[in-house]
Amino acid sequence: MEPAERLDANHELTLHEFPYIIQWREDRCTRCGRCTAVCPVHAIEPTVFSQRVVKSEGSVPTPTTVRSIMQGVRQVTEIDRYCTGCSTCSLVCPNVAIEPEYNPRHKFLFYKNKGGVPYKRGGRRNDPTPSTVDQLKFTRISMLTDPALDAGRHEFRIRTLLGRNLPPERLPLESREGKLRVRGETGFIPPVREIFPIRIGSMSVGALSPHMWEGLAMGVAYLNEVEGLPVVMCTGEGGIPPRLLKSRFAKYMILQIASGYLGWDEIVHAIPEMTEDPAAIEIKYGQGAKPGDGGLLMAYKVLKLIAKIRGVPMYVDLASPPTHQTKYSIEEAVAKMIQSMSMAWGFRVPVYPKISGTKTAQAVLNNLARNPYAAALCIDGEDGGTGAAYNVSMDKMGHPIASNIRDCYLDLVKQGKQNELPLIAAGGIGKGGNLAANTAAMIMLGASAVDIGKYIMQAAADCLGNEYNRCNLCNTGRCPRGITTQDPRLYRRLDPDRVAERVVDVFKSADVELRKVFAPLGRSTELPIGMSDALGVANKEIADRLKISYVC
Amino acid sequence: MCRLSAVTSDQYFSPMENILALETMKEGHDGSGLGLVLKDLGGEFEHLKEYPILSGICSNKGMEALNHYMEEAGFVEKFMWEPRIREIPGSGITRRDHYFAKAYKYPPAFQDKNEEEKEQLLLETRLALRDLGEADESIFVFSFYPDVITLKSVGDPLQVGEFFGLDKDSLTAKIIFAQGRQNTNYAIYLYACHPFFIEGYCTMTNGENTAFVPIREFLTSRGFAGYRGYNSDSEVFTHILHYCHRQLKFPLPYFKDVITPLQEGEIEGRSDRDAVRLIKKSLRPLCIDGPNCIIGFTPDGTVFMTQDAKKLRPGVVGGVPGKYALMSEECGLDRAVPERDKTQDICPMKYDMVVVSPGARKVTKWNQLNV
């Protein structure tokens, strides 16, 4: 037995406290050193072990034991160098000798606050259970009394409207000789875009690497110009590359303005040189993954390109406050901001706010319903992702998106404004990989469109994160995939053409899958927004709460 | 498939013509019911055109309550028509206590009011009577409007016609809608029987309306008291027609643009494209996906037929100047207007709306793409 001295007054953690434990196979390891070199958090290091070996030399068996020194790989037990389970070591290992294994009995959160600094990370809520949206099924199948449509043969229109629709009673129309015409004096007709109902949600140049952002933008342009799918993406806070802003591709971009107004000096000055209006302007008031938190782009991510786009010096921390400091009231200041942004593009661009999912969403909604310039409301639920936040914000703050959207939609129905103010649902869409099904379910609960973030990062760039706290290094600038880093040594791992190709794959297949959902329901021409009779769920509480059928 | 039989004529005719046309279309299982709406009435009602007519079914108790309500409201009964009921053994038709169409004088306070105010009173009265007798099924009221009668019953359409004695009655009209094979998908209920009527507008439909729930939510949120009921998913078509034509004052063909909106590329070819684009966006929730064939009339006596854009629910229109029929099947047309030139029959397709002018003078096919 080992002497006990080493344990006296010892605060060393055992490997079992850690969320991932490295499984290293001595027999397969070639000692090439690639795994220890590539580990983004230095959780493994080369080491030596003393090994007892049985040897037999000579003409007859004469086994003897000897001790020898062996080189190997050891997982460190320092809390700051915990293995995140990213598996980059497995990716580079030439001989399948190493992989991290999830440890369901870990006690990581008890220790990850060294120096009084709470655990901060990127990623998503660490809750692997299926979301409410993922439990919804489509149970109204058209059979005999009502023919289903053929997803492959019939003409389908998987499109939605981004922008405020005038109430029919206020359309500026007049009838002359049996025909309707738009009156000369129309008043304000809000701008409305016809778009694909799945959008790429807000992720900034800065949070994302240049290759990732470029790949997304190229994929979106290809979908619009070659495939005829009007997909739009949001820039996130932090501006947009100037050449893109002045190009014809700007019309596929939603420009986001948030509390730091980063990049907006550059945008505003470029407006006279823009050849196309942007798809929309999103004013971010909140984010689903970290409600009440602002944004922070670490100084080491603020390289030359980022500094230029955002209009700031290099290598300074870029903090966006938790709230817009000037927004003292929704009736006045927020309304003015919406109007100002509208005015910047001559009232030709839809302007809408994005908020965190919250019990107070209906209060915001009702104010926007009264504001004729508000083009939509985007609600980002608790399952949204982020580049950097406190773990407590991500895991414990926020509101699930399903009931938030449903309540808001039914509130609009009461007022007869369900078609006037589109609702955009974000946060956990495609969490379990079911992008089209989640989208269709949200639409039937009342959303006009959905935003995706994590889904596209996983599908298009093989993001390693999951709901078991895997990787989640987005905040450190050491993303092993090259998605959320500004380090060229890391982002060159990501081929932007490949990302663009996968973006196209994702949207084309989602388009087909949405048809495969809508066709058996018998719908094809307009999105079945609010067609809640098509939904069912095998959970009575959820059914009652969402006012849909309980099925079993 | 529900059987639809609409006839519009410049002469008065008996509803038995519609019922016999329905009979030619009978195939498969049925017996679910008959609904009739008569407009531009002849016979005993020919000289009562300015008096609103309340059509309904009551139990004895319901009739007492109804009479009391109408008296309190100031309506004075001018004339009452009751079908001469003939029991048909083995038909399964349940005889109720009272089937009636009563013409009333407006309450004195309303006699000099404008048409809109009078219509409002009639609507409110009908809804109040419905509320009075819906729970215990003692009162069913289907329409309360001048020059319009509605009759409904459960049973085989031809037998129901005979049960009501329509083959012997002098009840006639110039526009009559009849629908057979009522609501076979669910338990049969009188308020779910087509045709549906509201303030001069009437439609009947075959098929099932897939987009029913969002449409119902949109209509009920318009703040118009009459948009309620919806015991059948087809009632929304009557209300969409009423909403577009009466409330929004759109010319009739735009009803088609509302329920089956064109795609952007198709709209580009329209001379009224700017208006159509706005309509498409603002009335997006009223888009239907079928399968539906809709036959309707408007207060001026225009009768039309149109369909959803994708699914199969056939309909055919044909006739001669002075008498046109709109049927769900060709054989019904042969029965109603045998003397017509069949080569001129019109089967409306995806973009079409067939419109018969008031007085059945002429028929035109309106196409969404050629405007």
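Naming: A, B, ... by sequence-line order, numbering from 1 per chain.
- Taking both residues in full, the closest heavy atoms of A:T139 and A:G536 are given as OG1-N, 3.6 Å, listed atom of the first, atom of the second, then distance.
- Defined by atom type and a distance below 3.5 Å, a donor-acceptor pair is present between the side-chain atoms of B:E124 and B:Q120.
- Looking at B:L278, both its backbone and its side chain come within 4.5 Å of chain A, counting heavy atoms on both sides.
- Residues A:L368 and A:R164 approach most closely at O-NH1, 3.2 Å, considering heavy atoms.
- If you take CD1 on A:I379 and SG on A:C408, they are separated by 4.0 Å, rounding to the nearest 0.5 Å.
- If you measure heavy-atom distances from B:F212 to chain A, you find no contacts under 4.5 Å at all.
- Checking A:Y252 against A:E225 by side-chain atom types alone, a donor-acceptor pair falls below 3.5 Å.
- The parts of B:I279 that come within reach of chain A are both its backbone and its side chain, each placing non-hydrogen atoms under 4.5 angstrom from that chain.
- In terms of heavy-atom pairs under 4.5 angstrom with chain A, the leader among B:T260, B:N209, B:V213, B:T220 is B:V213.
- If you measure heavy-atom distances from A:E194 to chain B, the contacts under 4.5 Å come from the side chain alone.
- At a 4.5 Å heavy-atom cutoff, the contact between A:E526 and chain B is made by backbone and side-chain atoms alike.
- For the residue pair A:A441 and A:L136, the shortest heavy atom distance occurs at CB-CD1, 4.0 Å.
- In this structure, the portion of A:L173 lying under 4.5 Å from any heavy atom of chain B is its side chain and not its backbone.
- When heavy atoms are compared at a cutoff of 4.5 Å, A:I529 approaches chain B by way of both its backbone and its side chain.
- Side-chain polar atoms of A:N366 and A:Q362 form no donor-acceptor pair below 3.5 angstrom.
- At distances below 3.5 Å, not a single donor-acceptor pair connects side-chain atoms of B:R3 with backbone N or O atoms of B:G180.
- With a 4.5 angstrom heavy-atom cutoff, A:R140 touches chain B only via side-chain atoms.
- The candidate from A:N419, A:D533, A:L171 with the greatest count of non-hydrogen atom pairs under 4.5 Å with chain B is A:N419.
- With a 4.5 angstrom heavy-atom cutoff, A:P168 touches chain B via backbone and side-chain atoms both.
- Contact of A:S175 with chain B is made through the side chain alone, with heavy-atom distances under 4.5 Å.
- With a 4.5 angstrom heavy-atom cutoff, A:Y409 touches chain B only via side-chain atoms.
- B:Y227 and B:Q247 form no side-chain donor-acceptor contact under 3.5 Å, judged by distance and modelled atom types alone.
- A side-chain N or O of A:R406 and one of A:S532 form a donor-acceptor pair less than 3.5 Å apart.
- Interface remark: B:F218 contributes backbone and side-chain atoms alike to the contact with chain A (heavy atom separation under 4.5 Å).
- Residue A:S448 touches chain B through its side chain alone, counting heavy-atom pairs closer than 4.5 Å.
- In this structure, the portion of A:I189 lying under 4.5 Å from any heavy atom of chain B is its side chain and not its backbone.
- Counting heavy-atom pairs under 4.5 Å between each of A:L412, A:V413, A:L410, A:L527 and chain B puts A:V413 at the top.
- The aromatic rings of B:H239 and B:Y230 stand perpendicular to each other, their planes meeting at an angle above 60°, with 30° marking the opposite boundary.
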